[in-house]
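One structure is given below, encoded as structure tokens.
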Amino acid sequence: MDELFDQFDIWSAFGQTIYLAFFSALGALILGTVLAVMRVGPVGIFNRAGAAYVNLVRNTPLTLIVTFCLLALHYQLKINLAPATSSTSIVDNGVRWAIVGLIVYHAAFVCEALRSGINTVPPGQAEAARSIGLGFGQSLRYVVLPQAFRGAIAPLASVLIALIKNTTVAYAIGVAETAAFMRDALEFRPDLSLMIFLLVAGFFVLLTMPLGILLTNLSQRMAVKR
Amino acid sequence: MAQPLVVLQDVNKHFGDLHVLKSIDLSVDKGEVVIVIGPSGSGKSTMCRTINRLETIESGTITIDGKPLPEEGKDLAQLRADVGMVFQSFNLFAHKTILDNVTLGPIKVRKKSKSQAEKDAMALLERVGVQEQAHKYPAQLSGGQQQRVAIARSLAMEPKVMLFDEPTSALDPEMINEVLDVMVGLAKDGMTMIVITHEMGFARKAANRVVFMDDGQIVEQATPQEFFTNPRSARAKDFLAKILTH
Ligand SMILES: Nc1ncnc2c1ncn2[C@@H]1O[C@H](COP(=O)(O)OP(=O)(O)O)[C@@H](O)[C@H]1O
Ligand SMILES: [Mg+2]
């Protein structure tokens, strides 16, 4: 084990995974909420745009989305997410485009998780909100979404756990995260492959399991009593 | 001199092929208490819900205090703030305390300060007899208590008119009176009310007029006394015979 840690920069690989997961989750929650509001809102064109986005993205492999981001948007269309002049431009662009890809993909699942949360809110809640004079946005903000979020915690937990594990596709575009470490380690130390697999699996379990337990617990405590 | 506050003229609405409101004309004066009665499915709820535009209409006009109902946006929200609505299933905001249920509208719509809104809300909760429950959540209250909170929540907006859609029909029998008592109190205080209910006791005590609906039409309007003792239409007679045997 010590040999592995000496030979490879495992901590920075783990750190990179956590970094990817954190910012992707944040972005996916925000974009997913916007999409969910579009899908349940009163404007037909937004409904359709939201639905089209979800159906397109959800049915596209994540690897394709992430490689598309770097190869098509960055290399071909020359969109830079880090100053081209900086010495870490290549690495930064890789990480940032990976985050963009992860956000774009998981936002669709966040949107659907939120919609299932919104479906736990009886229509009478929104009617009561409107009938005291709250506008559409206010009804969502003060009445429907707070309840929808509570109902969405459990499905959102599944999305977050999937997202954490899916950060490993960033390795396809050369980001030095945990899966990239695994590939290198397996290549150079095949004698330790069992340990390498266990280490990586242990890391992900350590990351996802407490989150799962925490969120399940939270969803039970926050459940709206009806 | 009483003046009409709510006026429906030649209002029509369909749900698909179903003609639910057939050329409805109804005028309710300031301070008047009108009971709407009729068989299930006759369109009572739909008519009520068109008055604050929870349902849209296809033709005809509805005016409140002389102004036609706005189609959407801020004006519509403003109108709804002036029209209180009490639902059969209470619809209290499940994630908010009783106090927060009552203060939400005054703070967000009427732009009252939190402290003023809470002071006013406590007075209203006391008026409907649930001040002890102010910091509980709706699910912790009995149905009768929840419905009284729902009334307080509407009153907090200082509405011009209040609509009640079968406010007691989801309640256990022993809780019906506590809600009706609050409503009788409101009627005595001069609130304009449109109430869908089959509670004849309430109609006799508080109503100025009974409107009988059947099959999407207003078939008959009369004072409660007249209507219950001497209905004119065959359909009203038939309906009363059915509910009186229960
Ligand atoms: N949202 C809706 N969609 C389709 N049909 C509806 C809807 N709401 C009510 N209806 C139908 O319209 C008719 C009138 O309903 P309603 O106004 O609720 O009657 P009431 O309150 O007198 O029982 C019923 O036949 C009902 O099934
Ligand atoms: Mg009804």
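Since the structure is predicted, the reported quantities are computational estimates derived from the model, not experimental observations. Below, all heavy atoms of this structure are taken into account, side chains as well, without hydrogens, waters or symmetry copies.
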Bottom line for A:Val143: the part with an atom under 4.5 Å from chain B's heavy atoms is both
With chain A, the option among B:Gly105, B:Ala139, B:Ala94, B:Ala81 that has the most non-hydrogen atom pairs under 4.5 Å is B:Ala94
Hits for side-chain hydrogen bond (donor to acceptor under 3.5 Å, both in side chains) against B:Glu58, two or more places apart or cross-chain, chain-then-number order -> B:His14
field: Close side-chain approach of B:Ile64 to B:Leu69, heavy-atom, < 4.5 Å
entry: yes
- Query: Does the side chain of B:Ile57 come within less than 4.5 Å of B:Ile62's, by heavy atoms?
  - Reply: yes
Pull every donor-acceptor pair under 3.5 angstrom between chain B and chain A and give the atom names with distances.
| residue | atom | partner | partner atom | Å |
| --- | --- | --- | --- | --- |
| B:Arg49 | NH1 | A:Glu127 | OE1 | 2.8 |
| B:Arg49 | NH1 | A:Glu127 | OE2 | 3.3 |
| B:Arg49 | NH2 | A:Glu127 | OE2 | 2.7 |
| B:Asn91 | ND2 | A:Gly124 | O | 3.3 |
| B:Leu92 | O | A:Gln125 | NE2 | 2.7 |
| B:Ala94 | N | A:Gln125 | OE1 | 3.3 |
| B:His95 | ND1 | A:Gln147 | NE2 | 3.1 |
| B:His95 | NE2 | A:Tyr142 | O | 3.0 |
| B:Lys108 | O | A:Gln138 | NE2 | 3.3 |

Sub-4.5 Å side-chain heavy-atom contact between A:Val104 and A:Val57: yes
query: Heavy-atom distance under 4.5 Å between the side chains of A:Leu215 and A:Ile161, does that happen here?
result: no
Under 4.5 Å to a heavy atom of chain A? For B:Leu79 that would be neither
Margin query: Surrounding CZ of A:Phe204 (heavy atoms of other residues, nucleotides or ligands, distance under 6.0 Å), is the total greater than 12?
Written below: yes
Taking everything shown except A:Ile45 itself, do over 12 heavy atoms lie less than 6.0 Å from its CD1? no
